[in-house]
Amino acid sequence: MRIEKTARGALAGLVAVGSALAAGEIVSVAVSSYASPYFAVGSYLVDNAPAPVREFAIRQFGTNDKIALLTGMAVGIAVLAVVAGLVERRTRPIGSVLIVLFGAFGVFAAMARPTADASYSIPSIVAAVVGIIVLRALLGFFGRTNAAAPEQNGLSRRLFFSSAVTVAVVAGAVAFAGKKIAEAGDAIAERRKLKLPTPVSKAAPIPAGADLKVPGATPFVTSNSDFYRIDTALQVPNLKTADWQLRIHGMVENEMTLTWEDLMGMQAEEKVITLTCVSNQVGGILAGNATWIGYPIKSILERVGVKSDADMLFSTSVDGWTSGSPISALTDGRDAILAVAMNGQPLPLEHGYPVRQVVPGLYGFVSACKWVVDWEITRFDKAEAYWTKRGWGAQGPIKTASRIDRPEPFSNSPAGEVILAGTAWAQHRGISKVEVRIDNGPWEPADLTEEYSNDTWRQWSYRWQATPGQHTVYCRATDKTGQLQTEERTPPIPGGATGWHNRVLTIA
Ligand SMILES: Nc1nc2c(c(=O)[nH]1)N[C@H]1C(S)=C(S)[C@@H](COP(=O)(O)O)O[C@H]1N2
Ligand SMILES: [Mo]
């Protein structure tokens, strides 16, 4: 009997909180997807996680960090829900008070979103009310109570379990419907039919020799589906071209707002550019190369007239994320673009649909603002962007890096010729040399693939006469200024990891 009562409390808590979240989702469809209590709280945690926690999450989960966070939150909420159910059953109304507190945190987190107005509090308030009603109904606090026979109070076993199941199923259906309604008629549908601009200048064709056609080597062009994704957005922004605009203001002669039509009336160019994340570990995979179509940032800045004492372009995404790029890097003639297409497709939603920035030679966190909607021309001593506020550098030139891509770590190869292959990048400076070392042997030059441009990565390969046993192979690159990649191992924060990559291989 006791066990059943405990189980009832726990189940009532779970179903109540689950219904509350479902109610929050469906109401947020009418308000804004950013007002969803679950995602607002998640985003609050993302934005406010202490640096060591964030570092740990990126190291452990890499690009799955969002799934890890959402799963962790679901587990945490489930535990609190069980607690709320158990205490409400024994000591009313403490469980309800807990639910009110969750709701209050939801309101607080939703109001902290960059686009918030008062209506953002509604989904969390409705969620809390639904949670309390379901909790109390399941625990039988609405029926008549019989003081003379307290053991008869509450729902019958059958009624309790059938109600719990019914409410859970309805909540699941409501949450699912909310998701579907939110998706219908949104940017996903628009993107499928979007007409891309025809570039006035095509990118130079990619020579066959740019690609190292060895199995296990990284392809020269990264497909959209294989392109790494890094951002703080728990919900991918859903921004249609008609709702997109870029407001340009601050230290300029003429403020200006660009619409999608304005962009389409400008001259688009096609460029091949390799993008890299500052969070990449030595040997890591947070780099990708794509063909982009976009509009030169330099010409837009010329149109607004940047004041001479400004030195930073502070870009804001529709989800509130910000980056600060040195204006010098945007106007020195390199291919810094406001991109609308990636590998011949409109930008995938995760990669910034409809408009993002791509700047060769700067890490993404200081340049590659996705879903960009606002440009403030300012100064590095006046404005601080998202990651800089959280301990990362202000300016993010890319460090020379090289990595071994094949053979796989700890894979077994037979003795004899083994082809080692990998990738090297030093965007906007270019790669002049990659060297390979086996164990403590001498550094030997690797073969480089044909260069596309200084703004793209380069593949390398090395034919190794492998002898049986365990070996460690190393690689290192030199950029075209003659600078050798730094040997000293340093972590990604604050300005990008350094160190030579190595891999342990067993030769049979
Ligand atoms: N809005 C927004 N843009 C963003 C980010 C972000 O968190 N939010 N992350 C930046 C970082 S750190 C990198 S490395 C690149 C990654 O771009 P990708 O996801 O298209 O590879 O996007 C940049 N643009
Ligand atoms: Mo990044």
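The chain is numbered in sequence order, starting from 1. One-based numbering, in listed order, for ligands and for the atoms of each.
By the ring pair (Phe, Tyr, Trp, His ring centres under 6.0 Å) test, W260 is found to be paired with no residue, residues two or more places apart in sequence or in another chain being considered. With sequence neighbours excluded, no residue satisfies ring pair (Phe, Tyr, Trp, His ring centres under 6.0 Å) with F56. Residues forming a side chain to side chain donor-acceptor pair (under 3.5 Å) with Q395 (at least two apart in sequence, or on another chain): none.
The backbone N or O of K480 sits nowhere less than 3.5 Å from a side-chain atom of R429 that would complete a donor-acceptor pair.
Under a cutoff of 6.0 Å and an axis angle of 45°, R113 and Y34 do not form a cation-pi pair. The cationic group of R476 does not satisfy the cation-pi geometry with Y474, failing either the under 6.0 Å distance to the six-membered ring centre or the 45° limit from the ring axis.
For ligand 1, the 4.0 Å heavy-atom shell contains residues F227, Y228, R229, I230, D231, T232, L275, C277, S317, D319, W321, H351, R356, G364, F365, A368, C369, K370, W371.
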